[in-house]
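Values below: all heavy atoms of this structure, side chains included; hydrogens, waters and symmetry mates excluded. Residue numbering restarts at 1 for every chain, and letters A, B, ... go by the order of the sequence lines.
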There are 2 protein chains.
Amino acid sequence: MNKPHHHGDLREALIQAGIDILSEHGLAALTLRACAARAGVSHAAPAHHFKGLPGLTAAICARGYRIFSDLMIEERDKVAPDAFARLSAICKGYLRFAREHPALFRLVFGTKVDFCNDAELMQNSAIAYGILATGCAPFATDEPTGNRLEITIWSLVHGYASLMQNQRSDAFDDRDEALEFDAILGDLNLTLQRNYCSESSREPLIK
Amino acid sequence: MNKPHHHGDLREALIQAGIDILSEHGLAALTLRACAARAGVSHAAPAHHFKGLPGLTAAICARGYRIFSDLMIEERDKVAPDAFARLSAICKGYLRFAREHPALFRLVFGTKVDFCNDAELMQNSAIAYGILATGCAPFATDEPTGNRLEITIWSLVHGYASLMQNQRSDAFDDRDEALEFDAILGDLNLTLQRNYCSESSREPLIK
DNA sequence: GGCGTGATCTTTACACTGTCAAGCTAAAGA
DNA sequence: TCTTTAGCTTGACAGTGTAAAGATCACGCC
């Protein structure tokens, strides 16, 4: 056999195998052995890089959060420097994650992953939520309700994404989801705070 | 052995076993063999009543939806005959389901259950969502946006319940969730529709 | 180049899982 | 009473994750 004994970058290959398997075969197909086989190693090899299946799962989730963040950033960077447009775009990215990566979405948000033992997962999760929080910030007051607005929007987009993805009701049939969610966001009648109004007017000058 | 060969009501016992196992040991402990053992039968006995593990899972979900509906109805029936109070109470029941039955919540909303082959599951699901829809109805206009309001509230309460249950962010630490969600619902500034105003004033006369 | 060490993998074994099929038990109906 | 059918048990098997022993090999030192 001319296959080297040492893979070279097995940890990364296993994570990517997991992402691919989720994408092609769904959540039920994500097993340690499937990932190992796909990476071209024996079924017990992953044990060196991860603390069992839970460890691999956490690492795939951490990667999932990065993909999630990238989609939100991608959508946000497509729109004009307008606070509402930006928030709307970030939510669009959120919905894209659910739609384009259904199994990964379900893994990330539906499984009981042990956060405390994975620094990368905690970091990537915080980054992802931070993107949404910055999208909400222009509309948040300095009062205690400021945090409530963030919870509201987060609950809204997360709930919508979950229900949309489940497609468990006629209510979600045949819809342009991004368009509808935009309308829902509009229904909230979000009010820009005063300090953010002045920043908005300054931005064209910078560019 | 004085144990009868025929259990007598095995289907029901297996479903209840599943509910108990979820409650006591969490979602990962829900196996065919665990349910069979708990019901006092061999591991292959459930195959006569359910189409494998997916069939048992679907039946447990159907039961889960009933528990879900009961909680929403229970909370709704505690409050005054006021449209907003009723909607708020229904949402409180929704959040109670997530908090009091975390594993069941995750099973019902997080697993890919095959709906098309289980009439009871479809029916119970429709009943549950119907309760929420009736809570929204007094605030829905006859315009196409009427359905949007239902989606909005549904997304909101579902997202909030999911995130609260996951407890993945400091944003959800140390909170009275029912109180907060009430405030969030209040933030929406829902407007009663005209026909419902007249019904409200008629109700005391009926009683 | 040889040797030692540690990292990285393979192999083997085992227990748990769901499913299948044959066989057993017993309840219901003729 | 006999036959049929429902309802279960038993045994087998393949797939799963984990543990432990063993093999391979990369690297550094002499």
Between C1' of D:dA19 and CG of A:L53, the distance in whole Å: 15 Å
Quiz question: by atom type and distance under 3.5 Å, do the side chains of B:Y160 and B:E180 form a donor-acceptor pair? yes
Rounded interatomic separation in angstrom, taking NE2 from B:H48 and C1' from C:dA27: 12 Å
Does OP1 or OP2 of C:dA28 have a side-chain N or O of B:H6 closer than 4.0 Å? no
5' priority, DNA chain D, between B:H7 and A:L32 [closest heavy atom]: B:H7
Among C:dC20, C:dT12, D:dC8, the one nearest B:A44 by side-chain distance: C:dC20
State plainly whether the residues A:K92 and A:E74 are in salt-bridge range, i.e. N to O under 4.0 Å. no
For the aromatic rings, using the six-membered ring if either is Trp, is the centroid distance between A:F68 and A:F109 under 6.0 Å? yes
For B:K78, does the NZ atom have more than 12 heavy-atom neighbours from other residues, nucleotides or ligands under 6.0 Å away? yes
From CG of A:L30 over to P of D:dG15, roughly how many Å is that when rounded to an integer? 18 Å
Select base, sugar-phosphate, or nothing to describe what A:S42 touches, counting heavy atoms under 4.0 Å on all strands. base
In whole angstrom, give the distance that lies between atom CZ of B:R33 and atom P of D:dA12. 13 Å
Under 4.0 Å: is that the gap between some side-chain N or O of A:H5 and OP1 or OP2 of D:dT24? no
Rounded interatomic separation in angstrom, taking CD1 from A:I21 and P from D:dT16: 10 Å
Distance in angstrom units between B:H43 NE2 and C:dC16 P, rounded: 13 Å
Select base, sugar-phosphate, or nothing to describe what B:P46 touches, counting heavy atoms under 4.0 Å on all strands. nothing
Are A:E24 and A:R38 within salt-bridge range, i.e. N to O under 4.0 Å? yes
Nucleotide nearest B:L10 when distance is taken to its side chain, options D:dT16, D:dC8, D:dT18: D:dC8
Counting just side-chain N and O atoms, does B:H49 come under 4.0 Å of either OP1 or OP2 of D:dC8? yes
